[in-house]
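Before any comments, here is the structure.
Only heavy atoms go into these numbers, but all of them, side chains included; no hydrogens, no water, no symmetry mates. Just follow the structure's listing: the first ligand is 1, and inside any ligand the first atom is 1.
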Amino acid sequence: MKAFIVDRYGKDVPLRAGELPAPVPSEHEVLISVHAAGINPIDSKIKAGEFKLILPFKAPFVLGRDLAGVVTAVGSSVRRFAPGDEVYASLGKANTGAFAELVAVNEDEVALKPAGLSMAEAAALPMVTLTAWQALVEKADVRPGDRVLIHAGSGGVGSIAIQLAKHLGTHVATTTSTGNVDWVRALGADEVIDYRTQDFATMLHDYDVVLDPLSGETLEKSVRVVRPGGLVIGINGPPDPAFAGQLGKPLLRPVMALLSRRIRRLARRNRVTYSFLFMRADGSQLREIAALADAGVLRPVIDRVFDFTDTVAALKYVDTGRAKGKVVISKTDAKKGQPGSS
Ligand SMILES: NC(=O)c1ccc[n+]([C@@H]2O[C@H](COP(=O)([O-])OP(=O)(O)OC[C@H]3O[C@@H](n4cnc5c(N)ncnc54)[C@H](OP(=O)(O)O)[C@@H]3O)[C@@H](O)[C@H]2O)c1
């Protein structure tokens, strides 16, 4: 099968288009013919080796975590899927390989794709929507009327998190650059702060929750806009000690405590909680997300669709950090999307 392969870790090591034997699904896996795959910033970070400690893939391996496609074979214990099913998934910690013609995925990480969406649209959803879901529903347990600040509202995570937060009945503020202000307002944001000309930390206060995909100064300033007892969720780090437990690597606790010492101290001083989130692959949540997509509540936001053969260019585009919504590679419907179209 054709695949995009990481031969060794390295930022400047090229991603190689090559041929590999087709994977064979194990007992609990389904084999999926990939029709479209979503690109995420983590793909380049994995290739660079930045996630070796958390996601230790042994090179050579196939890159890519989000996909939509058709089941072609199932392992002996698979009960929920059959060949011919149209599905979508984000791959779990131990797996990689969406940028290929075929990938084997544990059935617990797979769901039937939203029926009303194309393969490219479905491939735009899994990682960013699971992240938004696990932040707003699981971790923060937001309630109607809560005030939520979502940074980088025009990004892959931000553009879907705004829609989910509005569906959950919250008041949503977001940050973006001048050119995207009207665009994120159209996604549903109630308050939009242009980070090029305005300082959110002096404009917002008494928020219940912040979802931060940026880290650094933005994360540190975020503790100041949250009410005492509120929650700041970082998804771009730094990892906190609890994350070592989730990984099942308690020996990493001191390392993660050190990495997040400064932000946890700032949070404590402001009587708020800082919590790191790392998305968990979850087929049952993808089923709920599919229902919301089919009901028109969540709309995939696609910036560009590249052809499968242009996967390297698609990754470079995401690496610019300027995508508006998601970037997808497709075997069938590559086209230059209109910003905000799906
Ligand atoms: N922990 C997890 O499980 C998890 C899951 C998903 C993603 N992530 C991480 O979250 C981060 C974001 O992911 P993504 O898919 O949303 O990335 P993305 O789509 O590549 O984000 C690009 C967007 O970020 C915006 N942006 C950049 N700097 C900004 C700033 N200072 N203030 C406000 N907006 C800014 C840009 O808007 P402008 O052009 O207007 O600046 C652009 O639209 C990445 O680091 C990713 O690795 C983590």
Revision key, fill the gap. Atoms of ligand 1 under 4.0 Å from any heavy atom of Ala152, numbered from 1 in the order shown, are 24 (O), 25 (C), 33 (C), 34 (N), 35 (C)

Point to revise | Pairs flagged by ring-ring contact (aromatic ring centres under 6.0 Å, His included) wherever residues 103-154 is involved - sequence neighbours left out | key: His151-Phe200

Check your understanding: Donor-acceptor pair, Asn40 side chain versus Asp43 backbone, under 3.5 Å?
Key -> no

Review point. Which protein heavy atom lies closest to atom 7 (C) of ligand 1, and at what distance to 0.1 Å?
Key: Val157 CG2, 3.7 Å

Review point. Would a distance-only check, ignoring hydrogens and angles, find a side-chain to backbone donor-acceptor pair under 3.5 Å from Thr96 to Val62?
Key: yes

Review point. Any nitrogen or oxygen of Gly156, main chain or side chain, under 3.5 Å from a nitrogen or oxygen of ligand 1?
Key: yes

Point to revise | Within reach of ligand 1, part of Asn236 (heavy-atom separation under 4.0 Å) | key: side chain

Practice item. For Leu277, take its heavy atoms, then give the atoms of ligand 1 lying under 4.0 Å from any of them. Key: 1 (N), 2 (C), 3 (O)

Revision key, fill the gap. Note: ligand 1 atoms sitting under 4.0 Å from heavy atoms of Met279 are 2 (C), 3 (O)

**Study point:** Contact check, side chains of Glu121 and Arg299, non-hydrogen atoms, under 4.5 Å
**Key:** no

Review point. Is there a heavy atom of Leu214 sitting under 4.0 angstrom from any atom of ligand 1?
Key: yes

Check your understanding: When hydrophobic residues are tied together by side-chain contacts of less than 4.5 Å, even through go-betweens, does Leu214 share a cluster with Val192?
Key -> no

Check your understanding: So which bit of Lys45 gets within less than 4.0 Å of ligand 1, heavy atoms only: side chain, backbone, both or neither?
Key -> side chain

Review point. Applying a 4.0 Å heavy-atom criterion (strictly less than), which segment of Asn180 is in contact with ligand 1: side chain, backbone, both, or neither?
Key: side chain

Check your understanding: Can you find an N or O of Asn40 that's nearer than 3.5 Å to an N or O of ligand 1?
Key -> no

Point to revise | Protein contact to atom 41 (O) of ligand 1 [nearest heavy atom, distance to 0.1 Å] | key: Tyr195 OH, 2.4 Å

Check your understanding: Between Ser222 and Asp212, do the side chains contain an N or O donor and an N or O acceptor separated by less than 3.5 Å?
Key -> no

Review point. Based purely on interatomic distance, does Ile235 place a nitrogen or oxygen under 3.5 Å from a nitrogen or oxygen of ligand 1?
Key: yes

Review point. Counting only heavy atoms not in Arg262, do more than 12 fall under 6.0 Å of its CZ?
Key: no

Review point. What do you reckon, does Lys324 have a nitrogen or oxygen under 3.5 Å from a nitrogen or oxygen of ligand 1?
Key: no

Check your understanding: Which residue pairs satisfy the salt bridge (charged side-chain N to carboxylate O under 4.0 Å, His left out) criterion with at least one member in residues 89-117, sequence neighbours excluded?
Key -> Arg80-Asp108, Glu86-Lys113

Revision key, fill the gap. So the atoms of ligand 1 within less than 4.0 Å of a heavy atom of Ser154 turn out to be 36 (C), 37 (O), 40 (O), 42 (C), 43 (O)

Review point. Quick one: do the Thr178 and Asp194 side chains pair a donor with an acceptor below 3.5 Å?
Key: yes

**Study point:** Contact atoms of ligand 1, heavy-atom distance to Thr131 under 4.0 Å
**Key:** 5 (C), 6 (C)

Check your understanding: So is there a nitrogen or oxygen of Phe276 less than 3.5 Å from a nitrogen or oxygen in ligand 1?
Key -> no

Review point. Are Tyr317 and Val301 connected, step by step, through hydrophobic side chains (Ile, Leu, Val, Met, Phe, Trp, Tyr) whose heavy atoms are closer than 4.5 Å?
Key: yes

Check your understanding: Below 4.0 Å from any atom of ligand 1, is there a heavy atom belonging to His151?
Key -> no

